[in-house]
Amino acid sequence: MSDLRVRFAPSPTGYLHIGGARTALFNYLLSRQQQGTFVLRIEDTDVERSTQESVDAILQAMDWLGLACDEGPFYQSDRFDLYRQKVQQLVDEGKAYRCYCTPEELDAKREAAMQEGRKPKYDGTCRHRTDQPDAPYVVRFKLPTDRDETTFNDRIKGPITFRHDELDDLIIQRTDGTPTYNLVVVIDDAEMGITLVIRGDDHVNNTPRQILLYEALGCSVPEFAHVPMILGADKKRLSKRHGATSVMAYQEMGYLPEAMVNYLVRLGWSCGDEEIFSMDDLIEKFSLENVGRAAGVFNPEKLLWLNSHYIKTGDAERLARLLVPFLEAKGINVNNGPDMVPVVKTLQERAATMVEMADSAAFYFADTIDYEEKAKAKFLTVDQKDLFTILIDELQKCERFDEAGLEVAFATIMEKTELKFGKIAQPLRVALTGGTASPSIYHVLEVLGKDVVLQRIERAVTALA
RNA sequence: GUCCCUAUCGUCUAGCCUGGCCCAGGACACCGCCCUUUCACGGCGGCGACGGGGGUUCGAAUCCCCCUGGGGACGCCA
């Protein structure tokens, strides 16, 4: 066990999205690699927007990705007493003060500042007031004046400096007495002994304020690593209009968690020319040093490619289990058909998602085949009658209904019909699967089994036109 | 507007720190060929980038400066 303590701290105001998942992943990987501790903390101080459903969704997504935490989940909503106490402490020490400015006044000032091209920051109106009006107030943290800039050494971006005149007295407690993000994140990271904060780029600007708070609270400052944002194809921040951003939406679309993990980690991180990484590879090879510094564009096509790779190379038994719900979603009764594993094996190198695999597998389980219009018109014609008759005859006689046995049978069929293999396979394929695209015809025959095969050919004969 | 970050093929990136091995490598996508009973898989090949301008240097994708582009932040959200 090393001293490394990292955390993932999502706010439960929605599902776990792609960006959050990557942040969680980086935290997880580093904690495993260093045998550190991975803490999960739910940042639900915004009581209005936080929901239990979101918490559940986030937990479920992390579980799907395989990102188990060592401690937590801790809920900030359980810790309000602690935060109030810390706020009081800061006030008592003269490091924070009550501000009676109304939101309207602040909005107006902010607006005016923007208009004039000034930095829209709090002007410090209440900073020196000594009276205590009987009016609603927030508590502000008094920007320390003992130095005029704050620098931290970001583990990904290097040294970053902010001048204090860019900062203002930030609100740490709302009118309703609840604490705000910048305060609680500091208190909790300190209390939970977090030594390295890995989070999104969008927090870089918060970092100096937070460092100042650590110092005011007398806590040691952790290290920071800010990972770049993920953008959509138009280089705008990734959002719904770029397609699915929810991790679990990808599960529903038939993606494998290992594909998602592999994709996410490679978006912004690299290890030479390697592309394929298992979780174990990543735990061994991941490093903050090789995380890029610029924002990256989410590329669904590469994710899809990785998914097809993992389907292709995945364990058929596991894929068979995963495939069942996708088949059932199509109204297919999987007990009414061939064994799942052989079915999966015929489809692994042809399906990029589990949804696609379910689509392609449907014919195996159909009671009666629906023929595709074009396929039927082209291959189920009356002049195929003789071919199908011979096919029924020879397949009936075929004792070994596997590739080797079928090859022998087909040699005879080719001889009797004087047709090349392709001329036989296509009509047969349509009879068996309803379409012109399917796994190898021998495999289809074998998986379907002699009875079903003969039954389907006979029905096709009645459908010849 | 102000501040912060950032900049290699369309996209993800290697290379940059420790200049020459880079007329820039890999992957996805795209195109072509091959394999082939269909669809795929696979194999081979192609297309395709150091944002611009100044320096420093015998030599710069690599170091420095400026410009430009992109992203982020500027909430009683997190």
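Naming: A, B, ... by sequence-line order, numbering from 1 per chain.
Straight-line distance between the P atoms of B/rU2 and B/rG54: roughly 27 Å, to the nearest whole Å. Taking atom P on both nucleotides, B/rG59 is separated from B/rC3 by 36 Å, rounded to a whole Å. Rounded to whole Å, the C1' atom of B/rU13 lies 13 Å from the corresponding atom of B/rA24. Across the P atoms, B/rC16 and B/rC64 are found 14 Å apart, a figure rounded to whole Å. The C1' atoms of B/rA27 and B/rC47 are separated by 15 Å, rounded to the nearest whole Å. Nucleotides B/rU57 and B/rG19 place their C1' atoms 9 Å apart, quoted to the nearest Å. To the nearest whole angstrom, the two C1' atoms, one in B/rC5 and one in B/rA49, are 23 Å apart. Comparing B/rG26 with B/rC67, their C1' atoms are spaced 32 Å from each other, to the whole Å.
In this model, no side-chain donor or acceptor of A/Thr180 finds a partner on the base of B/rC76 within 3.5 Å.
The shortest non-hydrogen separation linking A/Glu274 to A/Arg266 is O-NE, 3.5 Å. When all heavy atoms of A/Ala375 and A/Gly435 are compared, the pair lying nearest together is CB-CA, 4.3 Å.
Partners of A/Asn205 under the side chain to side chain donor-acceptor pair (under 3.5 Å) rule, at least two apart in sequence or in another chain, do not exist in this structure. By the side chain to side chain donor-acceptor pair (under 3.5 Å) test, A/Tyr250 is found to be paired with no residue, residues two or more places apart in sequence or in another chain being considered.
The residue A/Lys420 sits apart from the nucleic acid: no heavy atom pair falls under 4.0 Å. Here A/Val297 lies in heavy-atom contact (under 4.0 Å) with sugar-phosphate atoms only. When heavy atoms are screened at a 4.0 angstrom cut-off, A/Gly268 is found touching the sugar-phosphate backbone but no base atom. No contact: A/His226 has no heavy atom under 4.0 Å from any strand. Among the atoms of the strands shown, only primed sugar atoms or phosphate atoms (P, OP1, OP2) are found under 4.0 Å from some heavy atom of A/Lys312. Among the heavy atoms of the strands lying under 4.0 Å from A/Asn206 is at least one base atom, whether or not backbone atoms are also near.
Pairs engaging residues 196-210 of chain A under the salt bridge (Lys or Arg N to Asp or Glu O under 4.0 Å) rule: A/Lys157-A/Asp201, A/Asp168-A/Arg209, A/Asp202-A/Arg237 [sequence neighbours left out]. Applying the salt bridge (Lys or Arg N to Asp or Glu O under 4.0 Å) test to pairs two or more places apart or on separate chains, those with a residue in residues 296-316 of chain A are A/Glu275-A/Lys302.
For the residue pair A/Thr180/A/Asn182, the side-chain donor-acceptor check at 3.5 Å is not satisfied. Side chains of A/Ser77 and A/Asp44: a donor-acceptor N/O pair is present below 3.5 angstrom, by distance only.
In this structure B/rU56 sits in no base pair that meets the Watson-Crick or G-U test at under 3.5 Å. For B/rU18, there is no paired base (Watson-Crick or G-U wobble, both distances below 3.5 Å). Across all strands shown, B/rA49 remains unpaired; no Watson-Crick or G-U wobble contact has both distances below 3.5 Å. Using the Watson-Crick or G-U wobble rule with both distances under 3.5 Å, B/rG42 pairs with B/rC34. Taking a pair to require two hydrogen-bonding distances under 3.5 Å in either a Watson-Crick or a G-U wobble arrangement, B/rA7 pairs with B/rU68. In a base pair of the Watson-Crick type (N1 to N3 plus N6-O4 or O6-N4) or a G-U wobble (N1-O2 and O6-N3), with each distance short of 3.5 Å, B/rC76 is matched with no nucleotide.
At the phosphate of B/rA78, OP1 or OP2 sits under 4.0 Å from a side-chain N or O atom of A/Thr45. Residue A/Ser270 has a polar side-chain atom (N or O) positioned under 4.0 Å from OP1 or OP2 of B/rA14.
A cation-pi contact links A/Arg98 to A/Tyr137, judged by a cut-off of 6.0 Å to the six-membered ring centre and 45° from its axis. Judged by a 6.0 Å distance limit and a 45° cone about the ring axis, A/Arg7 is not positioned over the six-membered ring of A/Phe38.
Both A/Glu274 and A/Asp168 lie near RNA chain B, and the one whose nearest nucleotide falls closer to the 5' end is A/Glu274.
Between A/Arg110 atom CZ and B/rU2 atom P the separation is 19 Å, expressed in whole Å. Per the geometry, CG belonging to A/Leu183 stands 14 Å off P belonging to B/rC76, to the nearest Å. For A/Glu111 and B/rG75, the CD to P distance is 11 Å, given to the nearest whole Å. Taking atom OH of A/Tyr181 as the reference point, atom P of B/rC74 lies 11 Å away to the nearest angstrom. Rounded to an integer number of Å, the gap from CZ of A/Phe277 to C1' of B/rU13 is 11 Å. The NE2 atom of A/His309 sits 14 Å away from the C1' atom of B/rG42 (whole-angstrom rounding). Rounded to an integer number of Å, the gap from A/Leu231 CG to B/rG71 C1' is 6 Å. Whole-Å rounding puts the A/Ile230 CD1 to B/rG70 P distance at 21 Å.
A glycosidic torsion no more than 90° from 0 defines the syn conformation; B/rC47 lies beyond that range and is anti.
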Reading 5' to 3' through nucleotides 3-8 of chain B, protein heavy-atom contacts under 4.0 Å coded B for base, S for sugar-phosphate only, - for none:
SSSSS-
Go along nucleotides 27-38 of chain B 5' to 3' and tag each nucleotide: B for a protein heavy atom under 4.0 Å from its base, S when only backbone or sugar atoms are that close, - otherwise.
BBS-------BB
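Between the side chain of A/Thr207 and the backbone N or O of A/Val204 there is at least one donor-acceptor pair closer than 3.5 Å. In this structure, A/Glu43 contributes its side chain and A/Pro12 its backbone to no donor-acceptor pair below 3.5 Å.
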